[in-house]
Amino acid sequence: DAARLQALAATVEHPFEADTADHCESPPEAYNDVVEMLDMLAAKLGKERATLAIYDPYFCAGAMKRHLASLGFENVYHKCE
């Protein structure tokens with residue numbers, strides 16, 4: 001739930017100034033909404049889900065990488081830096 005995710009985000013120590021009200025994780029369902037587009041992109045590039053490189057610089061609490069991994073996307077760069 002949103003309150004739990006916001007509380008989790010507040011526990012992450014960011015190396016930059018961060019407003020916890022602005023650091024919100026997307027729920028797993030949101031990634032289901034984009035998986036078809038990611039599959040089409042992977043196919044165009046001749047890649048599988050596991051090898052498609054995905055970069056997300058907007059780190060909150062790290063759930064994004066876990067959500068995509070649960071869908072088979074293993075090559076995700078998502079770090080708190």
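Note that these values count all heavy atoms, side chains included, but never hydrogens, waters or copies made by symmetry.
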### Query
Can you name the closest pair of heavy atoms from Val35 and Leu71 and give their distance?
CG2-CD1, 4.4 Å
### Message
Applying salt bridge (charged side-chain N to carboxylate O under 4.0 Å, His left out) as the test, list every pair that has at least one member in residues 36-60; sequence neighbours left out.
### Response
Asp39-Arg49
### Query
Of the non-hydrogen atoms in Leu52 and Leu38, which two are nearest, and what is the gap between them?
CD2-O, 3.7 Å
### Message
Tell me every residue that passes side-chain hydrogen bond (donor to acceptor under 3.5 Å, both in side chains) with Tyr77, counting only those two or more places apart in sequence or in another chain.
### Response
Glu81
### Query
Please, which pairs that meet ring-ring contact (aromatic ring centres under 6.0 Å, His included) have at least one residue in residues 32-53, sequence neighbours excluded?
none
### For Tyr31, all residues meeting ring pair (Phe, Tyr, Trp, His ring centres under 6.0 Å), sequence neighbours excluded
His67
### Message
Return the CG to CD1 distance between Leu68 and Ile54, rounded to the nearest 0.5 Å.
### Response
5.0 Å
### Query
Do you reckon Met37 sits in the same ILVMFWY cluster as Phe73, going by side-chain contacts under 4.5 Å, direct or chained?
yes
### Message
Test of understanding: with side-chain contact (heavy atoms from CB on, under 4.5 Å), list the residues that count as partners of Ala30, not counting sequence neighbours.
### Response
Ser26, Pro27
